[in-house]
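These values consider heavy atoms only, across backbone and side chains, with no hydrogens, waters or symmetry-generated copies.
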Amino acid sequence: MKFAKLAVLAGIAVPVAAASAYHAASEVRVDVPQAPVLVSSGLGSTVAAASVERDFRQALAEAAADGGLAGNIITDGLYSRAEQAFLADPLDMAMIRIMTIGRIASEVPGRAIALLEAATLISKRDPLTNLWLAQNFAQAGDVDRMLASLDLAMRASPRAREAAIPILVNTLNDSRSFAPLGELLEREPEWEEEFWTNFVNNPVGLENSSEFFAATSMTTARFDQTLRSQLYANLRERNLFRDLAFFADANTGDDDKEGAFPAVQDGAPFGWMVYSDGSFSTRIRPDTGELEIDAEAGAAGLIAERIIALDGITEFSVRMAQKIPETATLEVSAICADEEESPIATARLDPNADAAAASFPRQNCDFANVRLTMSVVPGRQNALLRISKVNFY
């Protein structure tokens with residue numbers, strides 16, 4: 001069952017502001033001459049502007065550390081210096097941004113947003129301006145413009161991208177972000193790979209994954225198999241089985257293509273997860289598709305498991321590629337994949353058995369976890385178990 005939505009879009013505004021400060025702190029060093037030099041008036045203005053930019057970034061980083069981003073960030077002296085640099089070069093958007101974010105944003109918010117939007121007409125590639133615009137658009141509930149500003153910030157700066165990507169994924173808490181975000185991704189932006197990497201590991205991305213993909217008609221073909229496998233494994237770990245079912249339906253037929261034991265690691269949403277430890281080794285053989293367990297004497301434990309949707313399934317069967325060795329036993333059990341983990345059905349294969357089956361009684365359970373466990377008699381010879389297929393009907 002889905003977790004309750006934890007935030008509305010306006011809640012993104014504070015992280016965006018923090019991202020701005022993060023970006024400023026990461027680029028706080030702005031080189032300016034440290035000794036008196038003879039410069040032309042034009043070069044002198046450039047040096048002065050660089051000095052103002054350096055001090056502003058330092059002030060922004062300090063304000064973030066003290067939790068003071070909501071108030072005036074810069075001193076009267078720094079504001080005056082920025083104003084003088086702006087008068088020397090009215091097209092210097094950095095000075096517009098410094099005066100706006102540092103002072104005007106807290107005193108006259110409406111004017112601040114107008115100034116920052118005007119600044120983007122000069123240049124769209126100032127990350128701090130775009131991050132702060134995104135913050136204001138988030139507060140206003142304007143999803144399209146918020147995402148557009150984040151996109152510009154991430155295109156302009158890898159450091160801004162590092163801070164903004166988690167914010168972008170967190171917008172999925174609001175379904176209004178689905179369509180515009182999908183449109184951004186369809187353009188294959190340079191930050192797309194980082195977005196998917198965060199998406200498959202971010203609780204917000206996972207909890208909204210199927211709804212986002214359904215609303216945008218996107219497919220997991222947009223990212224590589226490693227990330228697909230990570231997505232399915234993380235959905236399974238968080239018990240988001242309905243999302244897994246969505247992706248399984250979207251990949252109908254993959255199980256047959258991947259052999260008798262499709263694996264999560266190979267990109268099968270409802271695939272098997274295999275386990276090994278120091279006393280036994282489990283693998284899915286690429287040549288035969290069998291599940292093979294090479295176990296030492298005395299070995300025991302879980303060798304493989306998978307989630308299945310119980311809709312229409314009433315029984316399962318297991319068939320061996322060769323009979324169970326004299327020293328080993330194999331058990332296939334199905335338990336309800338919920339907090340109770342109630343047992344549903346069990347089939348046991350003793351030495352020399354080559355098949356077994358069990359029926360699922362009626363129960364209030366939508367998904368089951370099917371587990372394969374084995375044991376080998378201690379003190380005797382090793383055992384090799386070869387399972388041909390586990391079928392569900």
Looking at every non-hydrogen atom in both residues, tell me the closest pair between [X] and [Y] and how far apart they are.
X: Ala153; Y: Ala160; answer: O-CB, 3.8 Å
X: Ala260; Y: Trp272; answer: O-NE1, 4.5 Å
X: Glu290; Y: Ala321; answer: OE2-CB, 3.4 Å
X: Phe137; Y: Glu117; answer: CZ-OE2, 3.8 Å
X: Ser209; Y: Phe247; answer: OG-CE1, 3.7 Å
X: Ala345; Y: Ser359; answer: CB-O, 3.4 Å

Does [X] have more than 12 heavy atoms from other residues, nucleotides or ligands lying within 6.0 Å of its [atom1]?
X: Glu237; atom1: CD; answer: no
X: Asp311; atom1: CG; answer: no
X: Arg111; atom1: CZ; answer: no
X: Glu193; atom1: CD; answer: no
X: Gln381; atom1: CD; answer: no

Could you measure the distance from the [atom1] atom of [X] to the [atom2] atom of [Y]? Nearest 0.5 Å is fine.
X: Thr282; Y: Ile303; atom1: OG1; atom2: CD1; result: 5.5 Å
X: Ser281; Y: Tyr275; atom1: OG; atom2: OH; result: 15.0 Å
X: Phe213; Y: Thr219; atom1: CZ; atom2: OG1; result: 7.5 Å
X: Arg222; Y: Phe199; atom1: CZ; atom2: CZ; result: 12.0 Å
X: Ile98; Y: Leu78; atom1: CD1; atom2: CG; result: 7.0 Å
X: Trp132; Y: Ile113; atom1: CH2; atom2: CD1; result: 11.0 Å

Are [X] and [Y] close enough that some pair of their side-chain heavy atoms sits under 4.5 Å apart?
X: Ile101; Y: Phe56; result: yes
X: Ile308; Y: Phe270; result: no
X: Arg159; Y: Pro127; result: no
X: Lys124; Y: Arg155; result: no
X: Glu183; Y: Leu147; result: no
X: Leu181; Y: Phe195; result: yes
X: Glu192; Y: Pro189; result: yes

Give the intermediate values and the outcome of ring pair (Phe, Tyr, Trp, His ring centres under 6.0 Å) for residues Phe360 and Phe316.
CA-CA 8 Å; Phe360 291 162; Phe316 70 82; 5.5 Å; yes

Is it the case that the side chain of [X] and the backbone of [Y] share a donor-acceptor pair, with hydrogens and angles ignored and the cut-off at 3.5 Å?
X: Asn170; Y: Pro166; answer: yes
X: Asn201; Y: Thr197; answer: yes
X: Ser317; Y: Ala357; answer: no
X: Ser229; Y: Gln225; answer: yes
X: Ser177; Y: Thr171; answer: yes
X: Asp277; Y: Phe280; answer: yes
X: Asn130; Y: Asp126; answer: yes
X: Arg97; Y: Leu116; answer: no
X: Arg103; Y: Ile74; answer: yes
X: Arg161; Y: Met154; answer: yes

Got a salt bridge between Glu211 and Arg242, using NZ or NE/NH1/NH2 to carboxylate O under 4.0 Å?
no

So that I can tick it off, tell me whether Arg236 and Glu305 are bridged by a salt bridge, with the cut-off set at under 4.0 angstrom between side-chain N and carboxylate O.
yes

Could you go step by step and tell me if Leu168 and Trp191 meet the side chain to side chain contact (heavy atoms under 4.5 Å, CB included) rule?
CA-CA 11 Å; Leu168 194 64; Trp191 46 262; 3.4 Å; yes

Please step through side chain to side chain contact (heavy atoms under 4.5 Å, CB included) for the pair Thr226 and Gln230, ending with a clear verdict.
CA-CA 6 Å; Thr226 299; Gln230 190 66 55; 5.8 Å; no

Are Arg319 and Asn391 close enough, and set up right, to give a side chain to side chain contact (heavy atoms under 4.5 Å, CB included), and what steps lead you there?
CA-CA 8 Å; Arg319 186 172 70 251; Asn391 288 314; 3.8 Å; yes

Checking side chain to side chain donor-acceptor pair (under 3.5 Å) for the pair Arg386/Thr288: CA distance, chi angles, key distance, verdict?
CA-CA 10 Å; Arg386 294 172 51 203; Thr288 64; 5.6 Å; no

Step-by-step side chain to side chain donor-acceptor pair (under 3.5 Å) determination, Asp294 to Asn382:
CA-CA 8 Å; Asp294 188 358; Asn382 296 350; 5.3 Å; no

Among Leu172, Asp243, Leu231, Val169, find the residue that satisfies the side-chain contact (heavy atoms from CB on, under 4.5 Å) test when tested with Leu206.
Leu231

Tell me whether [Y] is reachable from [X] by hopping between hydrophobic residues (I, L, V, M, F, W, Y) whose side-chain heavy atoms are closer than 4.5 Å.
X: Ile167; Y: Leu152; value: no
X: Ile284; Y: Val370; value: yes
X: Val390; Y: Ile335; value: no
X: Met374; Y: Leu384; value: no
X: Tyr393; Y: Leu372; value: no

Plane angle bin for Phe241 and Phe367 - parallel if under 30°, tilted between 30 and 60°, otherwise perpendicular:
tilted

Using the ring of each side chain (for Trp, its six-membered ring), is Phe178 parallel, tilted or perpendicular to Phe212, with breaks at 30° and 60°?
perpendicular

What do the steps show when you test Ile293 against Ile387 for side chain to side chain contact (heavy atoms under 4.5 Å, CB included), and what is the final call?
CA-CA 8 Å; Ile293 307 95; Ile387 307 171; 4.0 Å; yes

Residue pairs, two or more places apart or on separate chains, that pass side chain to side chain donor-acceptor pair (under 3.5 Å) and touch residues 331-349:
Arg348-Asp350

